[in-house]
Amino acid sequence: MKEVPRNFFMQDVCSVAKKLLGCAFVRELSDGSRLAGRIVETEAYAHSNDPASHSRSGKTPRNAVMFGPPGHLYVYFTYGMHYCCNVVTGAEGRGEAILLRALEPLSGIALMAVKRYGKKDMNAREVRDLSRGPARLCRAFGIGREQNGADLCSGEFRILQADPAAEIQIGCSSRIGIREGCSHPWRFYIQNNPWVSGPARNVQA
DNA sequence: CGTGAGATTTCCT
DNA sequence: GGAAATCTCACGT
């Protein structure tokens, strides 16, 4: 698999959210170990006219990375406990990003288990929940405040292009966990993939 | 596997 | 002050 180029992130935020499905999200730790997961669920957050987006009221210290150049990680802390990880898209200054909601573990699974549960061995439920959900995948990948602003085209984090031969069926629904902006069907997921969080609601391409 | 309470930062009204 | 792009734990099935 090949890395996606910088201009991949310059496209419309919903287009990128769909194209990210099937791509691999990779972190190479400084000690040489490698964590990888297949992206199976995303949500798009637009720059304007989107009351659910963190960028809705302009730039703040927390969301500054969203307004920066595309292809970087926007990591935020929420509910007093959890981190969530986004990919910045669109031209600098727009404030668009895609929330990574779920990954299918590919490699470094034992290391993810240690980061998330503090142990190597998992029961069936722990395996299922390893990276199914935005805050869970952050824990499995060791993503926190320090990773906010990390570049996806250099350094520890990379996104590898999806295998074009692997045909996937994309479903979409309204976004999860928000009260406003529910009318936008901007949650995208790979249909019938067991690693997708939550129910498959309004199924359509 | 479903349900429901609790944890507790950041930002806006 | 109050809600938020959520999860864990406890307990019932």
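So that the names make sense, note that chain A is the first sequence line, chain B the second, and so on, each numbered from 1.
Across all strands, A:A52 comes closer than 4.0 Å to base atoms (heavy-atom distances). Using a 4.0 Å heavy-atom criterion, one finds that A:D129 contacts no nucleic acid atom at all. Within the 4.0 angstrom heavy-atom criterion, base atoms lie near A:Y79. When heavy atoms are screened at a 4.0 angstrom cut-off, A:L99 is found touching base atoms of the nucleic acid. Within 4.0 Å of A:R116, counting heavy atoms only, lie sugar-phosphate atoms of the nucleic acid but no base atom.
Between A:H82 and A:R145, the residue whose closest nucleotide on DNA chain B is further toward the 5' end is A:H82. Judged by closest nucleotide on DNA chain B, A:G80 is the one of A:G80 and A:R56 placed further toward the 5' end. In this structure, A:Y117 and A:I98 both approach DNA chain C, and ranking their closest nucleotides by distance from the 5' end singles out A:I98. Looking at which nucleotide of DNA chain C each of A:N86 and A:R125 is closest to, the 5′-most match is held by A:N86.
In this entry the distance linking CG of A:N148 with P of C:dA5 reads 17 Å, nearest Å. Atom pair A:I176:CD1 and C:dA4:P shows a separation of 15 Å (rounding to whole Å applied). The NZ atom of A:K59 sits 14 Å away from the P atom of B:dC12 (whole-angstrom rounding). Counting to the nearest Å, the C1' atom of C:dA3 and the OH atom of A:Y76 are 14 Å from each other. Separating the CZ atom of A:R136 from the C1' atom of C:dT6 is a distance of 9 Å, rounded to the nearest angstrom. C:dA3 atom P lies 19 Å from atom CZ of A:F77, rounded to whole Å. Straight-line distance from the CZ atom of A:R139 to the P atom of B:dA7: 17 Å, rounded to whole Å. A straight line from CD of A:E126 to C1' of C:dC7 spans 14 Å, rounded to a whole angstrom.
Set against C:dT6, C:dA4, B:dT10, the side chain of A:C84 has C:dT6 as its closest nucleotide. For A:R179, counting side-chain heavy atoms from C-beta on, the closest listed nucleotide (C:dA3, B:dC12, C:dT6) is C:dA3. In the set B:dC1, B:dA7, B:dC12, B:dA7 carries the atom at the smallest distance from any side-chain atom of A:M81.
Summarising the base pairing, B:dA7 is matched to C:dT6 through a Watson-Crick or G-U wobble pair whose two defining distances lie under 3.5 Å.
With respect to A:D129 and A:R136, a salt bridge is recorded, a charged nitrogen being found less than 4.0 Å from a carboxylate O. Using a 4.0 Å cut-off between a side-chain N of Lys or Arg and a carboxylate O of Asp or Glu, A:E104 and A:R132 do not qualify as a salt bridge. Using a 4.0 Å cut-off between a side-chain N of Lys or Arg and a carboxylate O of Asp or Glu, A:K18 and A:D12 do not qualify as a salt bridge.
Using P as the reference atom, C:dA5 and B:dT3 are 22 Å apart when rounded to the nearest Å.
A:L137 CG to A:L99 CG: the interatomic distance, rounded to the nearest 0.5 Å, is 8.0 Å.
With a 6.0 Å cutoff to the six-membered ring centre and a 45° limit on the axis angle, A:R101 does not count as a cation-pi contact of A:Y189.
Considering only side-chain N and O atoms, A:T60 lies under 4.0 angstrom from the phosphate OP1 or OP2 of B:dC11.
Under the 30°/60° scheme for interplanar angles, the aromatic rings of A:F157 and A:F25 are found to lie parallel.
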